[in-house]
Amino acid sequence: MAIRSVLKMGDPVLLQIAKPVERFDTAELHELIQDMQDTMAYLNGAGLAAPQIGVSLQVVIFGFDQNPRYPRAEEVPFTVLINPQLTPLSGDKEDDWEGCLSVPGMRGMVPRYSHLRYHGTDQYGKTIDRSVSGFHARVVQHECDHLQGILYPMRINDFRQFGFTDVLFPGQGVVDD
Ligand code: NI
């Protein structure tokens with residue numbers, strides 16, 4: 001078990017295109033995922049991508065029952081998703097507030113596809129194929145963007161809706177370090 005430090009916006013690793021995982025069920029891959037889980041849990045993250053701990057591989061994790069960073073979000077099943085492919089199921093997009101452990105203390109209004117299918121594997125190479133919507137769809141798009149070197153501020157349309165969490169949501173119990 002290891003809590004790793006999370007790279008912050010400005011670090012060039014966060015701008016790289018992550019490489020696909022080629023070998024599954026290896027000690028290295030299990031260790032990476034364990035470190036990601038430990039780090040995400042410690043920081044109350046809704047999700048985490050491997051590049052955020054400095055590993056430029058196509059690995060993301062996400063999911064929670066209740067999350068103090070997103071107190072109004074519906075639960076998302078805990079998922080390890082490797083080499084993901086996303087396909088929007090319609091052109092519909094919706095705006096909502098997003099944060100990122102690599103952009104601490106801030107939130108921005110980000111448009112995301114409302115409905116999408118995601119496809120990939122878990123750490124054992126087993127296929128994952130789901131069609132999702134709502135916050136689940138949003139988290140997947142956010143995490144998979146990290147694998148393309150994209151951070152959520154690059155998706156913001158209206159920079160008047162970008163700011164510090166404690167200023168945007170005073171006294172609303174939205175945790176953000
Ligand atoms: Ni993020």
Side-chain angles (χ1 to χ4, degrees), residues 2-19 21 32-86 88 93-114 116 118 120 128 132 134-159 161-166 168-169 174-177:
I3 294 162
R4 305 269 293 261
S5 58
V6 173
L7 304 181
K8 290 192 231 173
M9 184 167 65
D11 192 299
V13 173
L14 293 172
L15 302 176
Q16 290 175 7
I17 308 282
K19 291 190 174 64
V21 171
L32 170 65
I33 289 162
Q34 187 62 53
D35 286 359
M36 289 172 68
Q37 273 187 252
D38 295 342
T39 304
M40 183 174 96
Y42 178 70
L43 296 171
N44 289 316
L48 191 70
Q52 291 181 276
I53 59 166
V55 178
S56 195
L57 285 174
Q58 292 182 24
V59 179
V60 303
I61 64 172
F62 52 84
F64 55 87
D65 298 328
Q66 270 277 306
N67 189 295
R69 287 169 51 83
Y70 300 94
R72 290 185 297 276
E74 67 265 27
E75 65 176 77
V76 176
F78 179 78
T79 303
V80 173
L81 182 64
I82 298 175
N83 300 342
Q85 289 187 310
L86 273 50
K93 289 189 172 184
E94 53 196 66
D95 288 321
D96 206 349
W97 293 101
E98 256 174 55
C100 180
L101 297 176
S102 294
V103 191
M106 301 196 79
R107 296 296 164 105
M109 186 64 81
V110 182
R112 298 287 187 187
Y113 289 107
S114 306
L116 66 90
Y118 65 91
I128 295 171
V132 298
F135 197 76
H136 191 156
R138 175 169 298 275
V139 168
V140 174
Q141 289 169 85
H142 176 114
E143 298 310 329
C144 293
D145 263 0
H146 277 295
L147 307 181
Q148 303 298 320
I150 297 168
L151 298 168
Y152 83 81
M154 302 176 191
R155 299 281 193 195
I156 294 173
N157 286 330
D158 178 0
F159 281 98
Q161 293 189 293
F162 181 46
F164 292 95
T165 311
D166 58 347
L168 287 164
F169 309 110
V174 181
V175 170
D176 205 345
D177 301 311

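Below, each value reflects all heavy atoms present in this structure, side chains not excepted, and no hydrogens, waters or symmetry copies. In listed order, ligands and their atoms are each counted from 1.
- Residues passing the side chain to side chain donor-acceptor pair (under 3.5 Å) test with Gln161, sequence neighbours excluded: none.
- With sequence neighbours excluded, no residue satisfies salt bridge (Lys or Arg N to Asp or Glu O under 4.0 Å) with Glu143.
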Would you give me the side-chain donor-acceptor pairs under 3.5 Å for residues 72-82, sequence neighbours excluded?
unit_1	atom_1	unit_2	atom_2	d
Glu74	OE2	Phe135	N	3.1
Thr79	OG1	Pro77	O	3.0
Thr79	OG1	Arg130	NH1	2.7

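- Listed here is the closest heavy atom pair of Pro51 and Leu57: CD-O, 3.8 Å.
- Looking at Glu98 and Arg155, no side-chain N of the basic residue comes within less than 4.0 Å of a carboxylate O on the acidic one, giving no salt bridge.
- Atoms of the protein (N, O or S only) found under 2.8 Å from the Ni ion (ligand 1) are Cys100 SG, His142 NE2, His146 NE2.
- A donor atom on one side chain and an acceptor atom on the other are not found under 3.5 Å apart for Asp145 and Gln141.
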